[in-house]
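In what follows, a structure is listed as structure tokens, so that the remarks can point back to it.
Remember, it's a predicted structure, so these values are computed and weren't measured experimentally.
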Amino acid sequence: MCGIVGLMANEAVNQSIYDALTVLQHRGQDAAGMMTWDDGRFLLRKNNGLVRDVFHTRHMKRLQGNLGIGHVRYPTAGSASEAESQPFYVNSPYGITLAHNGNLTNSDQLKQELFSSDLRHINTSSDSEVLLNVFAHELGKQGLYLTPEDIFDAVRRVHRRCRGGYAAVAIISGFGLVAFRDPHGIRPVVYGTREGVDAEGRPGQEVMIASESVALDVSGFELVRDLAPGEAIFVDMHKNVHTQQCADRPRLTSCIFEHVYLARPDSKLDGAYVYGTRMQMGRKLGDRIQREWPQHDIDVVIPIPDTSRTTALELAQHIGVTFREGFMKNHYIGRTFIMPGQTQRKKSVRQKLNAIGSEFAGKNVLLVDDSIVRGTTCKQIIQMARDAGANKVYFASAAPAVRYPNVYGIDMPVASELIAHGRSDAEVGELIGADRLIYQDLEDLKAACREVNPALDDFDCSVFDGSYVTGDIDQAYLAALEAARSDAAKEGRERVNAVVDLHNDSSDD
């Protein structure tokens, strides 16, 4: 769950990219980076931290040029070190820089091919660097001068080599801006245009590419459309837009968890406003309550801010129950879903939320959240509601039970750390301390998205049903994932990094 942006404009792009990254901050809080191109030179600033902390005035002054890309990151594959932050750069061929959202499921195989066949060196553990080098190698087959067709041919070969979910944006020095989306359309990417003027006051079209349409909105770009699965877009140095389908068998199966949690509600993904899909999720949940629990005794519906607010409000209206805000959120604490360790995640919940006692005292409360992943957060929140005086605490999830790990770019826990993995709904409800647990039905979740855009035929729902749309995920892959991405493995890497940092600090003395 990273955020990407690319921009070709008639004037300096640094401020517009900065603005776009700030509204994509929800997609990654670990690191941020920006690379601009100015008269044959690449200019880079990237570091760990939030956008506002990475880019200072001195950096913005140096990031000159009318062409650039940006990235916000949390680590799905690789470590959280500064070296893993993006964009990445290779000087051959042409000079290429790339930023990437997603995950390559055959990254290890590609690394071996890059070393043994392509004669390329990978310097980090990031699959984004792998994707860049695959693209660079395929592009290098085209010769000294590149046409749009040459670039699309290279992307076509990238799709044939790479598997997984990915959306990437790149600059080819002296040629222009490129972006492409995986053949399943798992990770989102959109583009838009606006009319601008250059330093001499001459008008001309400007083009922005981003993970979500909200990034276009903030800079006054008009959304043109999503990139289709497998499609590539190339904006040449004269700002002409070229697009072409580059996949052999494209099929849109976009990640449904974008609508549940990842994307902002004011974004439009694959023709569907996220706000609208979350409203429909509330109605579907309301239908389920009325169908399975018609004699409910719910006094008040309270959302767990912020993602579930739209769903909770629609649910309350649908079943005729009062909606109230019962928790106040400290917006200066990061999203607990993407915190690096379980210890830090537990600690942050009480810092992030505080209950309004009068909304709970003596009432039967239905709490609504977007999903239940580990169960740690909702268990603490349910206890907070009881401590605030609630009589009974029910819990509703806008998503079905999360039972399987994600392999396409969301750093969810491994299967053994998912509270619903191998457990019934009743068992999960007991573990989190709820008097009753209501999950969204998977078919209802799909229907909620289709009711906003009927053209959405299918989705990647692997975290709910264990069906991985790329068809290359087996038990051996999931076992390796468990070994690499469990909390124990991450905490071990953090201890190693801490020792290395301490050694480096001592050496500097």
Side-chain angles (χ1 to χ4, degrees), residues 1 102 165 167 181-191 211-214 223-231 245 247 249-292 303 307-319 368-372 396-404 406 408-410 438-471:
M1 194 184 76
R181 190 180 187 187
D182 73 83
H184 294 274
I186 297 171
R187 300 269 67 88
V189 61
V190 301
Y191 80 96
S211 293
E212 296 182 31
S213 63
V214 66
L223 174 66
V224 175
R225 61 178 176 85
D226 301 80
L227 286 189
E231 187 179 22
Q245 177 55 253
R249 292 178 297 276
R251 180 169 178 255
L252 180 60
T253 51
S254 57
C255 176
I256 204 166
F257 210 71
E258 291 278 355
H259 292 275
V260 171
Y261 175 82
L262 301 183
R264 278 178 47 146
D266 47 343
S267 282
K268 190 175 184 181
L269 301 179
D270 293 310
Y273 270 113
V274 176
Y275 181 80
T277 61
R278 290 180 183 165
M279 286 180 63
Q280 293 295 336
M281 290 175 206
R283 292 173 188 169
K284 297 296 183 185
L285 269 176
D287 287 340
R288 184 164 199 179
I289 290 172
Q290 291 175 326
R291 183 174 63 250
E292 299 181 1
T307 320
S308 64
R309 185 173 285 116
T310 304
T311 298
L313 178 57
E314 197 66 21
L315 187 159
Q317 293 178 343
H318 200 64
I319 65 175
V368 181
D369 205 356
D370 50 75
S371 58
I372 304 172
S397 168
V402 177
R403 303 187 191 278
Y404 305 93
N406 184 276
Y408 300 129
I410 307 173
I438 303 103
Y439 274 118
Q440 184 82 265
D441 179 78
L442 181 55
E443 291 306 313
D444 284 346
L445 177 59
K446 294 178 183 179
C449 296
R450 292 189 187 114
E451 287 174 13
V452 179
N453 180 12
L456 294 174
D457 178 53
D458 204 357
F459 304 89
D460 165 51
C461 303
S462 53
V463 297
F464 306 125
D465 61 11
S467 177
Y468 296 96
V469 296
T470 54

Contact between [X] and [Y] at the side-chain level, heavy atoms closer than 4.5 Å - yes or no?
| X | Y | answer |
| --- | --- | --- |
| P303 | S308 | yes |
| I289 | L315 | yes |
| L442 | C461 | yes |
| V189 | S211 | no |
| P183 | P229 | no |
| Q245 | P250 | yes |
| I256 | C449 | yes |
| Y468 | S462 | yes |

Inset, instruction - Begin from the C-alpha positions of V190 and V224 and carry the test side chain to side chain contact (heavy atoms under 4.5 Å, CB included) through to its verdict. - result: CA-CA 8 Å; V190 301; V224 175; over 6 Å; no
Inset, instruction - With side-chain hydrogen bond (donor to acceptor under 3.5 Å, both in side chains) as the test, would you mind laying out the steps for Y408 and T470 before giving the verdict? - result: CA-CA 10 Å; Y408 300 129; T470 54; 2.6 Å; yes
Inset, instruction - Quick one: do V274 and D266 satisfy side chain to side chain contact (heavy atoms under 4.5 Å, CB included)? Show the steps, please. - result: CA-CA 6 Å; V274 176; D266 47 343; over 6 Å; no
Legend entry - By side-chain contact (heavy atoms from CB on, under 4.5 Å) - contacts of A448 (at least two apart):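 Here the qualifying residues are Q280, M281, K284.
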Inset, instruction - Please test R181 against E231 for salt bridge (Lys or Arg N to Asp or Glu O under 4.0 Å), starting from the C-alpha separation and ending with a verdict. - result: CA-CA 6 Å; R181 190 180 187 187; E231 187 179 22; over 6 Å; no
Minimum-distance pair of heavy atoms, taken over all atoms of [X] and [Y]:
| X | Y | result |
| --- | --- | --- |
| Y191 | L223 | O-CD1, 3.7 Å |
| A398 | T311 | CB-CG2, 3.9 Å |
| L262 | E212 | O-OE2, 4.1 Å |
| V452 | T277 | CG2-N, 3.5 Å |
| F464 | Y404 | O-CE1, 3.6 Å |

Inset, instruction - With sequence neighbours excluded, give me every salt bridge (Lys or Arg N to Asp or Glu O under 4.0 Å) pair touching residues 453-465. - result: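 Non-adjacent pairs meeting salt bridge (Lys or Arg N to Asp or Glu O under 4.0 Å): R251-D458.
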Return yes if some donor-acceptor pair links the side-chain N/O of [X] with the main-chain N/O of [Y] below 3.5 Å, else return no.
| X | Y | result |
| --- | --- | --- |
| N453 | D270 | yes |
| R450 | L456 | yes |
| S213 | K268 | yes |
| R278 | Y273 | no |

Inset, instruction - Check the pair C255, I410 against side chain to side chain contact (heavy atoms under 4.5 Å, CB included), reporting the backbone distance first and the verdict last. - result: CA-CA 10 Å; C255 176; I410 307 173; 3.9 Å; yes
Inset, instruction - Please determine if R187 and E258 form a salt bridge, counting it only when a charged side-chain N lies under 4.0 Å from a carboxylate O. - result: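 Here R187 pairs with E258 in a salt bridge, since their nearest N and O are under 4.0 Å apart.
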Legend entry - Which residues share a side chain to side chain donor-acceptor pair (under 3.5 Å) with D287, sequence neighbours left out: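 With sequence neighbours excluded, D287 shows a side chain to side chain donor-acceptor pair (under 3.5 Å) to H318, given in chain and number order.
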Inset, instruction - Give a yes or no on this: more than 12 heavy atoms of other residues, nucleotides or ligands lie within 6.0 Å of atom CZ of R291. - result: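 Check passes, neighbour count above 12.
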Legend entry - Geometric class of the H259/F459 ring pair [parallel <30°, tilted 30-60°, perpendicular >60°]: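 Rings of F459 and H259: perpendicular, over 60°.
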Legend entry - From CG (D441) to CZ (R288), nearest 0.5 Å: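 If we round to the nearest 0.5 Å, D441:CG and R288:CZ are 5.5 Å apart.
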Inset, instruction - Please round to the nearest 0.5 Å and tell me the distance separating atom CG of L445 and atom OH of Y439. - result: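 Interatomic distance, L445 CG to Y439 OH, rounded to 0.5 Å: 13.5 Å.
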Legend entry - Qualifying residue for side-chain contact (heavy atoms from CB on, under 4.5 Å) with S397, from I372, V402, L285, D369: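 Running side-chain contact (heavy atoms from CB on, under 4.5 Å) over I372, V402, L285, D369 with S397 returns exactly one hit, I372.
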Inset, instruction - Quick one: do Q317 and L313 satisfy side chain to side chain contact (heavy atoms under 4.5 Å, CB included)? Show the steps, please. - result: CA-CA 6 Å; Q317 293 178 343; L313 178 57; 4.0 Å; yes
